[in-house]
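I have placed the structure first, in the form of structure tokens, so that the comments after it can refer back to it.
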Amino acid sequence: MHLSEQEIIRRDNLQKIRELGIDPYPAEKFAVNAHAAQILAEFDAEAGNFQDASLAGRLMMSRVMGKASFAELQDSTGRIQLYIARDEICPGEDKELYNTVFKKLLDIGDFIGVKGHVFTTRTGETTVHVTELKLLSKSLRPLPVVKRDDEGHVFDAFTDPELRYRQRYVDLTVNPEIKQIFLTRSRLITSMRRYFDEQGWLEVETPILQPIHGGAAARPFKTHHNTLDMPLYLRIANELYLKRLIVGGFDGVYEFGKMFRNEGMDRTHNPEFTSMEIYVAYKDYVWMMEMVEECLERVTREVTGGTVVQVGDREIDFAGPYERLTMFEAIERHTGVDISGMDEEALRDLCKKFHIEVDKTMGKGKLIDELFGEKVEDHLIQPTYITDYPIEMTPLAKKHRSSEGLVERFELFVNGKEIANAYSELNDPIDQRQRFEDQLKLKERGDEEAMELDEDFLRALEYGMPPTSGLGIGIDRLTMMLTNQLSIQEVLFFPQMKPERKMEP
RNA sequence: GAGCCUGUAGCUCAGUCGGCUAGAGCACUUGACUUUUAAUCAAGGGGUCCUGGGUUCGAGCCCCAGCAGGCUCACCA
């Protein structure tokens, strides 16, 4: 094992600490009664609070001035300055704790616990005047030292995305501001869950390992169960299982869960991602639009304190109601062409006119989808519902109540990106079987993403499913929106990475 | 999958036309300093210049191949 000079020095320091009879990894708890942010917010010299404060965290900087020193302690809430005077932590003749342990053997990154009283220095900084100091855990690797001056300029920032994602623990330590992203993510999920629970809907869990990967158009990960000696797939969606639960008699079920898709990776796609799907009985997609508006407005307010979110140089307002356009209306608005009566040939010619690549395998639905993606999507900045999609693209949605060739589906677009997808769910078992068979024909033609026929799901529908509306929301992408992040890797603690070339033991 | 860019100390980065022993700041080591705050001052240690070939008297730099990463595009919900 190759060690850098600094790693050797830290191991030497560890050994010397042991030789002094100090346990560098003590087992007993350290009683904490205050946190950095709390002290900085609440300390009042006249009130004389925090006179018996006890804090723990990492030593992140030390400025030794001889017999007195200033150091910075970082706990889960932030940093606070420590003032450490030799004769106070070593009141007797033995000055070893200060001269040797603190000045020489402690390193940046070590966990320490301190006790003392809070005061304000001559320069006005709230500081803990330390009277007791204890090593809680020794750090053996040098941490990148990120410095900031009074104007907030950052020096030697730890910014390499690869290093940050591979060693997220270092990223979180030296760039604590990124914790806000993950706090927001957590609050978003909590807030949405609370909203659903208040409506009386049930949070459920459905299988991740599935014998048939249904519910979406995507390539799956395949695995194998040894005892059953059969292939299993990691789920690409949980839709078909949640609908089985509606068949079983629940009024509303929802699941936050990981989905797995064996496809490309880029700044908006990770092989595993989190979706929230919800199904509510006796409702339709019009009702669902109203529910989504109310839910997102409230969640945004709870998470960010308002309904307006800054995304890049734009402001997005999540306050409902959101604009509703049918897909045909949206295309007409942004191309000037009414395609509602067009056949496949006319659509193909129109796509060519707009320099959109087309090929013979593309049916009517696919051509409309291309046209929409190319000409409309980017313009949908404020939350907008696009409704009523061509039937060919959507095998699990109910035929439109009044428009031939369309289904009752909407997608919610924000800042040019789709963040939610919903249907009036198809509950006619004979129609559903026909749609699955159409998918099988696509599969035979080589479409790797076409859906499999799920005989058990059809059996469930044949017993009868009430009219139901279902919705899926991409939690990662919604988090990106609410935290103003451009890449999905920034909202995942541990995004998928290629393996490291060599990882020393 | 395609194009462009990058890879030099623990971190952030210089490195000229191919030419002295490869540099800076922070971090680290030794010393000074009892209210500093990007602490300061003095001295010092630290390098597989991503890897492997090639050209050359001589390569961090030029050429070829590979690896890793970033950005853009394509594919993909």
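To find a chain, count down the sequence lines: A is the first, B the second, and so on, and within it residues start at 1.
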What's [X] touching, base or sugar-phosphate or nothing? Going by heavy atoms closer than 4.0 Å.
{"X": "A/Arg148", "value": "sugar-phosphate"}
{"X": "A/Arg267", "value": "sugar-phosphate"}
{"X": "A/Glu5", "value": "base"}
{"X": "A/Glu411", "value": "base"}
{"X": "A/Phe119", "value": "base"}
{"X": "A/Val146", "value": "nothing"}
{"X": "A/Glu377", "value": "base"}
{"X": "A/Ala217", "value": "sugar-phosphate"}
{"X": "A/Lys104", "value": "sugar-phosphate"}

Let me know the distance between [atom1] of [X] and [atom2] of [N], rounded to the nearest Å.
{"X": "A/Gln6", "N": "B/C26", "atom1": "CD", "atom2": "P", "result": "14 Å"}
{"X": "A/Asp160", "N": "B/C50", "atom1": "CG", "atom2": "C1'", "result": "13 Å"}
{"X": "A/Glu72", "N": "B/U35", "atom1": "CD", "atom2": "P", "result": "17 Å"}
{"X": "A/Arg63", "N": "B/C41", "atom1": "CZ", "atom2": "P", "result": "15 Å"}
{"X": "A/Arg477", "N": "B/C76", "atom1": "CZ", "atom2": "P", "result": "14 Å"}
{"X": "A/Asp266", "N": "B/G69", "atom1": "CG", "atom2": "C1'", "result": "15 Å"}
{"X": "A/Asp110", "N": "B/C28", "atom1": "CG", "atom2": "P", "result": "11 Å"}
{"X": "A/Glu162", "N": "B/C67", "atom1": "CD", "atom2": "P", "result": "15 Å"}

For [N], the Watson-Crick or wobble partner whose two distances fall under 3.5 Å:
{"N": "B/G47", "result": "none"}
{"N": "B/U35", "result": "none"}
{"N": "B/U56", "result": "none"}
{"N": "B/A22", "result": "none"}
{"N": "B/C4", "result": "B/G70"}

Distance check, [atom1] atoms only: [N] and [M], in whole angstrom units.
{"N": "B/A2", "M": "B/C49", "atom1": "C1'", "result": "30 Å"}
{"N": "B/A43", "M": "B/U6", "atom1": "C1'", "result": "36 Å"}
{"N": "B/A22", "M": "B/C61", "atom1": "P", "result": "14 Å"}
{"N": "B/G58", "M": "B/G18", "atom1": "C1'", "result": "8 Å"}
{"N": "B/G7", "M": "B/U48", "atom1": "C1'", "result": "14 Å"}
{"N": "B/A9", "M": "B/C50", "atom1": "P", "result": "8 Å"}
{"N": "B/G60", "M": "B/A68", "atom1": "P", "result": "25 Å"}
{"N": "B/A24", "M": "B/A14", "atom1": "C1'", "result": "7 Å"}

inquiry  = Can a side-chain donor-acceptor contact be found between A/Thr394 and A/Arg409 if the only test is distance below 3.5 angstrom?
reply    =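 Their side chains do contain a donor-acceptor pair, which is all the 3.5 Å distance test asks for.
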request  = Compute whether any side-chain donor of one residue and acceptor of the other, for A/Asp476 and A/Asn270, lie under 3.5 angstrom apart.
outcome  =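 Short answer, no.
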Contact nearer the 5' end of RNA chain B, comparing A/Asp107 with A/Met65 =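 The answer here is A/Asp107.
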message = Taking the nucleotide of RNA chain B with the nearest heavy atom to each, does A/Arg122 or A/Pro142 sit closer to the 5' end?
response =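 The 5'-side residue here is A/Pro142.
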task = Kindly state whether the ring of A/Tyr279 and the ring of A/Tyr423 have centres lying under 6.0 angstrom apart.
result =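 Between A/Tyr423 and A/Tyr279, which both carry aromatic rings, the centre distance is not below 6.0 Å.
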query = Taking the side chain of A/Val64 as heavy atoms from C-beta outward, which of B/C28, B/U12, B/C33 is closest to it?
reply =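 Given the options B/C28, B/U12, B/C33, the side chain of A/Val64 is closest to B/C33.
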key: Closest to side chain of A/Met61, choosing from B/A38, B/C11, B/A39   =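 Closest of the options to the side chain of A/Met61: B/A39.
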inquiry  = Given 3.5 Å as the limit, does a donor-acceptor pair link the side chain of A/Ser139 with the main chain of A/Asp110, or not?
reply    =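 Flag not set: sc A/Ser139 to bb A/Asp110 has no pair under 3.5 Å.
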task = Mark yes or no for whether A/Gln180, through its side chain, and A/Glu177, through its backbone, hold a donor-acceptor pair below 3.5 Å.
result =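 Side chain of A/Gln180 to backbone of A/Glu177, a donor-acceptor pair under 3.5 Å: no, none is there.
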ask   = So A/Tyr322 and A/Tyr385, would you call those rings parallel, tilted or perpendicular, with 30° and 60° as cut-offs?
value =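 Ring orientation, 0 to 90° scale: tilted.
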query = Going by the salt bridge (charged side-chain N to carboxylate O under 4.0 Å, His left out) test, which pairs reach into residues 92-103 of chain A, not counting sequence neighbours?
reply =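 Listed once each, the pairs are A/Asp87-A/Lys95.
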message = Less than 4.0 angstrom between a side-chain N/O of A/Lys147 and OP1 or OP2 of B/A38, yes or no?
response =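 No, A/Lys147 has no side-chain N/O under 4.0 Å of OP1/OP2 on B/A38.
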request  = Go through the N and O atoms of the side chain of A/Tyr83 and the base of B/U36, and report whether any donor-acceptor pair is under 3.5 Å.
outcome  =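 No.
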ask   = Who pairs with A/Phe328 by side chain to side chain contact (heavy atoms under 4.5 Å, CB included), at least two apart in sequence or on another chain?
value =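 Result, side chain to side chain contact (heavy atoms under 4.5 Å, CB included) vs A/Phe328: A/Thr326, A/Ile339, A/Ser340, A/Ile368, A/Leu406.
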